[in-house]
Amino acid sequence: MKKSLGAAIALMTALSLAGCAPAATESTESASETASSEPLVVYAGRSEELVQPLIDQFTEATGIEVEVRYAGSAELAAQILEEGANSPADVFFAQDAGALGAVSKAGLLKTLDQSLRDLVSPEYGAKDGSWIGVSGRVRVLNYNPERVTELPKSVFDLANPEYQGRVGIAPTNASFQAFVTAMRLIEGEAKTLQWLEAMKVNGVVYEKNGAILDAVEAGEIDLGLINHYYWYAKAKEVGVENLKSKIAQFESQDVGNLRNVAGVGILSENPNAKVFVEYLLSQQGQQYFVEQTGEYPLVAGIELLEGLVPLSDIPAPEFDLNDLDALEQTLELIRQAGLI
Amino acid sequence: MRKPPVIVVALGVFASLAALLPLGYLLIRLGQGFDKAVAELLRPRTLELLANTVVLVISVSVSALVIGFLQAWLVTRTNLRAPGVFAVLATLPLAIPSYVMAFAFTATFPGFSGFFAAWLVLSLATAPYVFIAVSAALVRTDVSAEEVARSLGLSRIKVLLRVTWPQVRPAATASSLLVALYTLSEFGAISILRFDTFTRAIYNAYRLSFDRTSAAALALVLIMLTLMVIWFERRYRGDYLPQRTAMQKPSRIALGTMHPAAVFVLTSIAIIGVGVPLYSLLNWSIIGSSTADLSEIVEALVGSATVAFGSGALIALVGLAVVIWVVRFPSPLARAVEFSIWATHALPAIVIALALVFVGANLLPWVYQSVWMLVFAYLILFLPNALSVISTPIAQVPRSLEQVANSLGVRGNRTLYKVVLPMATPGIIAGAAVVSLTILKELPATLLLRPTELQTLAIRLWSATEELQFAQAAPYALLLVLLAGIPALALNAQARKAVAEVSD
């Protein structure tokens, strides 16, 4: 009696679990059929909140079903590297150029069609055509205007003693590291290390850009180094009139104003992957980034969000985003400075 | 010498091989760049993180033990008023994921971070493990020895240390082992509270440099640490003492003038561990401007419940098999199986997840990204949680009852089904409840291994906090706490029943 009860429970458990298993057998069996009848699999390192509506729009416009797996860009890059050639992913939609670079380096990305690469200025994509930027973001200084009356002219000024314990940084965050990589390549190792060591003293360490913004808003710190759209997203959530902090650029060509991109790479032969990338770079796709994520369009002729300085007018240094995958020495410097 | 049932051996060996799989993966990764891995290990920063980790693990284990033991002793052994209420309060922090607790504290007290913050949050989050194990053991121990000791003139404290403690020591140290390994592998809370430990270094190696070799080297060090913790626990655990057979109600110790102090201490712990997080979650829910979509909430709720409770039941069954093997049929092989299952318990979930991504995508594509892969990952990650809860009840079923059953004509291992399992059923359910609770809160492995269409509350919570939209995250966090409240209450029901048994 007891035994059969136990067996019944086990069976029920098995059935209920099987109920939420994917149709795994179907998808493997149909691999020989035309790829276009299969849903497109996208690994998205961007926030679901921000990009799922865009993907829904894509399905509505093209009739192509999309299965999206959301996780952090870096975790997904690690996952794709482990999966190797057997990755179920057709498209990798990443938060930053570094994650795309890592996957590209392992030879897992297909070269994109020239027609796609022609849409975006070459400075926002891979030199070998293995990935392409679809939206832009800029590093900014987030500050509390009550506590900071005179803005630092350069990100290097933040090393001055007057900023001790006042500056929020996120050394484990990919966009911070991308910025330090750029600093290292533009300004040299010695100067970068010196700056990082100063930030060990002056900086307050956070995990994410958003946490820095919240800390500046809450008055815990006076300044922070973040990406511009966090401020716009916060303004959208709580109302711009309720924001205590502001954002600003440093002066001309300062590496603290680095431009970076979120981008995509294609991993499979599925023809719908190209249709997807085309959509992200279409008028509707680009418009979406402008209105919903507060980012910059990368295709010419799209109007910007009100109050945003055009990307080409940002006083950012000239920098090749392909070099962002040279992360290792950057990490070494950040470690040497004792920040991670 | 009786032999264990075949099914027990089969499940035990399966579980052991499953647990060793990540180890194999790490060795493969290490083989790809040994020199680099050694360089990574020899960095001064690595030693610093190691020191941080050791200090945190020791301090959290000690304080969780003190808190949990105090709660258990007051609730089961004294004339504390409303012991049932305090038993519920002592278990409730289990329902709150430690990352939610960490978020709640930082949102309520800006600037709350560093060692003290990590120590406090993890101590509160893990004390229930000790409370559950110790209160179950206290209820079942032989009180007559304590009464004899008292009558011989020993003070209360001496009775507690010399007579009571040895009886609950196996349960207490087993739950402390769980606490220590939980602290070793914790990532979410300590990164929110900005205290650097070894696990964080492993996550960083993956996330920053996509560097799987260094991460593997660091993870292997974590396994060494785990082995040291297990060795330590084995050494100081002591033997399981049999439960008294005749149930007698012990006289409860009158707290007298200490009663207000006891109530104050228990209430304070509950306010910090349960009150603050709930207040913070409710607060976010109220100030929240964004509204969550109802169908999405329901989908995530159903997904969480199905996966957590289904896997919890399966893992408890495997756990039961291992415990029966180890406790009722002790042998070197049984001990090796148990040891291997514990050995990888402190590995961060991302290591287990990536090991299974590697194995799944390349060797077993038909189960890759299916729910079975996810259940398999949970088995590796959380089987020890089941073991720690199920061990005591199985060990405390008196051998004499089996001998009686034998003499009445029940043959060999049938006594297991006829005698041992029925008596230990509450413990087995408790094991399933603890595993389900832990699965509900788990995130990194779920993210990487789930079937794409599976949504859970923890995933939704993560998506919302990715953009730090606390207001939007709050309903998911609240629901997660409520859903986790179901197994937590099941655990409580047992604690309360036990408490009622020893109450007048």
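Each chain gets a letter, A, B and so on, in the order the sequences are listed, and its residues count up from 1.
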Contacting region of A:Glu48 [heavy-atom separation from chain B under 4.5 Å]: side chain

Test the B:Arg212-B:Phe358 pair against the cation-pi criterion, namely NZ or CZ under 6.0 angstrom from the six-membered ring centroid and within 45° of the ring axis. no

For A:Ala85, is it the side chain, the backbone, both, or neither that has a heavy atom closer than 4.5 Å to a heavy atom of chain B? neither

With a 4.5 angstrom heavy-atom cut-off, could you sort out which part of B:Leu320 is near chain A: side chain, backbone, both or neither? neither

Select, from A:Ala99, A:Ser87, A:Ser73, the one with the greatest count of heavy-atom pairs under 4.5 Å involving chain B. A:Ala99

Interface moiety of B:Arg29 toward chain A, non-hydrogen atoms closer than 4.5 Å: side chain

B:Tyr99 OH to B:Trp462 CH2 distance, which is reported to the nearest 0.5 Å: 12.0 Å

With no hydrogens and no angle check, is any side-chain donor or acceptor of A:Arg137 less than 3.5 Å from a backbone partner on A:His228? no

Between B:Ile350 and chain A, with a heavy-atom cut-off of 4.5 Å, which part of the residue counts as in contact: side chain, backbone, both or neither? side chain

Electrostatic pair A:Lys234-A:Glu217, nearest N-O below 4.0 angstrom: no

Is it the side chain or the backbone of A:Tyr206 that comes within 4.5 Å of chain B heavy atoms, both, or neither? both

Cut-off 4.5 Å, heavy atoms of chain B, and the answer for A:Glu220 is side chain

For A:Ile212 and A:Ile221, which heavy atoms make the closest approach, and how far apart are they? O-CD1, 4.1 Å

Proximity breakdown for A:Val103 and chain B, heavy-atom pairs closer than 4.5 Å: neither

About how many Å separate OG1 of B:Thr197 and CD1 of B:Ile202, when rounded to the nearest 0.5 Å? 8.5 Å

Aromatic plane relationship, A:Phe289 with A:Phe93 - under 30° parallel, 30 to 60° tilted, over 60° perpendicular: perpendicular

What option among A:Ala215, A:Pro88, A:Gly84 has the most heavy-atom pairs under 4.5 Å with chain B? A:Pro88

